[in-house]
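The structure appears right after this line, and notes come after that.
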Amino acid sequence: MAHRPGLSYRFTHAITRTPSDSVSNGIRAIDSGDPDADRFREEHGLYVKALQEAGLRVDVLPALEEYPDSCFVEDPAFCLPEGAIRLRPGTASREGEGAAIRPALENRFGTVVDLPGSGCVDGGDVLMLDDIILIGLSARTDREGAGAFAHLLTDWGYSAKVCETPEGVLHFKTACSTLGDDVILATRVMAESGFFGNRKTVVVADGEDYAANVIRVNDVVLVPEGYPQTRAAIEAAGFKTVLLPTHEARRIDGGLSCLSLRFALAES
Ligand code: CIR
């Protein structure tokens with residue numbers, strides 16, 4: 001695949017979904033208390049505003065009470081300039097989210113395809129760089145799904161590589177993000193994984209692993225508030241940051257990338 005500068009961070013549009021009241025039942029690995037739905041919606045509103053201020057047109061979908069984790073729209077789909085791919089989330093309570101988001105994908109894309117086969121991929125396991133797409137195997141993304149997804153991406157002209165997400169990490173992107181321009185932000189374990197080749201890596205500070213999940217959106221990097229050393233390291237690497245509260249999302253293992261699908265379309 002040819003290097004396409006900005007593929008991983010130059011966007012025109014995003015899709016988000018308002019957190020439901022049922023978000024208090026969202027899945028979590030460790031229980032530190034339920035998220036508060038009203039506070040979650042307040043944080044979500046600031047998130048949508050930040051995407052808009054970064055230049056995106058944001059489709060905010062209505063809350064879905066039947067799917068507590070459905071505000072994490074990154075997981076049931078993956079978007080490229082050529083079209084959208086409906087994925088198959090790898091946990092039972094989120095299975096229906098792919099069907100639920102399909103109309104929103106069809107509203108923006110002429111081409112919407114389903115992940116072939118019966119394997120599973122969560123979008124949180126997919127890291128798009130400017131010259132390759134990395135797919136992490138995890139408790140949510142299995143070999144069959146990752147293989148079928150890599151095959152589809154290859155058919156669309158992209159390079160894809162399947163990687164093993166480190167043990168105990170929910171999603172591949174829980175532990176790393178692209179800052180763009182061939183710079184990766186990663187936890188120490190991820191940085192030492194070898195997945196990123198010769199790219200420059202900014203390592204998150206000890207005790208700040210949650211801050212490895214950020215999003216570069218056009219000229220800014222959205223960073224969770226409360227991780228000052230990581231923010232300083234991102235700024236020292238030459239990137240402008242915008243801080244956002246993610247306290248409620250964090251209670252159910254969600255981060256900034258999970259809350260939107262971001263993509264570039266030719267016309268707005
Ligand atoms: C879940 O466990 O599926 C949700 N509570 C959190 C999903 C976070 N999504 C992501 O990292 N892409």
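Ligands are counted one by one from 1 in listed order, and the atoms in each one are counted from 1 as well. We're numbering straight along the sequence, starting at 1.
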> In terms of side-chain heavy atoms, does Ser22 have a donor or acceptor partner in Ser20 at a distance below 3.5 Å?
Replying inline: yes
> So, Ser118 and Glu144: side-chain donor and acceptor under 3.5 Å apart, yes or no?
Replying inline: yes
>> Heavy-atom pairs closer than 4.0 Å: do any link ligand 1 to the side chain of Asp69, the backbone, both, or neither?
In response: side chain
> Which is it for Arg28 and ligand 1 at heavy atoms under 4.0 Å: side chain, backbone, both or neither?
Replying inline: neither
> What distance separates Cys71 SG from Leu259 CG, expressed to the nearest 0.5 Å?
Replying inline: 5.5 Å
>> Let me confirm one number: the CG-CG distance from Leu46 to Leu244, rounded to the nearest 0.5 Å.
In response: 7.0 Å
How close does the nearest protein non-hydrogen atom get to [atom], and which residue and atom is it?
atom	answer
atom 2 (O) of ligand 1	Arg140 NH2, 2.8 Å
atom 9 (N) of ligand 1	Asp75 OD2, 2.9 Å
atom 10 (C) of ligand 1	Cys258 SG, 2.8 Å
atom 6 (C) of ligand 1	Ile252 O, 3.3 Å

> Going by heavy atoms, is Lys173 under 4.0 Å from ligand 1?
Replying inline: no
Does any N or O of ligand 1 fall below 3.5 Å from an N or O anywhere on [X], backbone included?
X	answer
Ser257	no
Leu170	no
His171	yes
Ile27	yes

> Transitive ILVMFWY cluster of Ile30 at side-chain heavy atoms under 4.5 Å: who else is in it?
Replying inline: none
> When hydrophobic residues are tied together by side-chain contacts of less than 4.5 Å, even through go-betweens, does Val202 share a cluster with Leu129?
Replying inline: no
> Regarding Arg250 and the six-membered ring of Tyr210, is the cationic atom NZ or CZ under 6.0 Å from the ring centre and inside 45° of its axis?
Replying inline: yes
> Hey, which atoms in ligand 1 end up nearer than 4.0 Å to a heavy atom of Gly124?
Replying inline: 12 (N)
> Which atoms of ligand 1 have any heavy atom of Glu74 under 4.0 Å away?
Replying inline: 12 (N)
> Can you name the ring pair (Phe, Tyr, Trp, His ring centres under 6.0 Å) partners of Tyr158, sequence neighbours left out?
Replying inline: none
> Would Arg41 and Glu248 count as a salt bridge (Lys or Arg N to Asp or Glu O under 4.0 Å) if you check the C-alpha gap in whole Å, the side-chain angles of each, and the deciding distance to 0.1 Å?
Replying inline: CA-CA 9 Å; Arg41 285 187 282 265; Glu248 301 309 311; over 6 Å; no
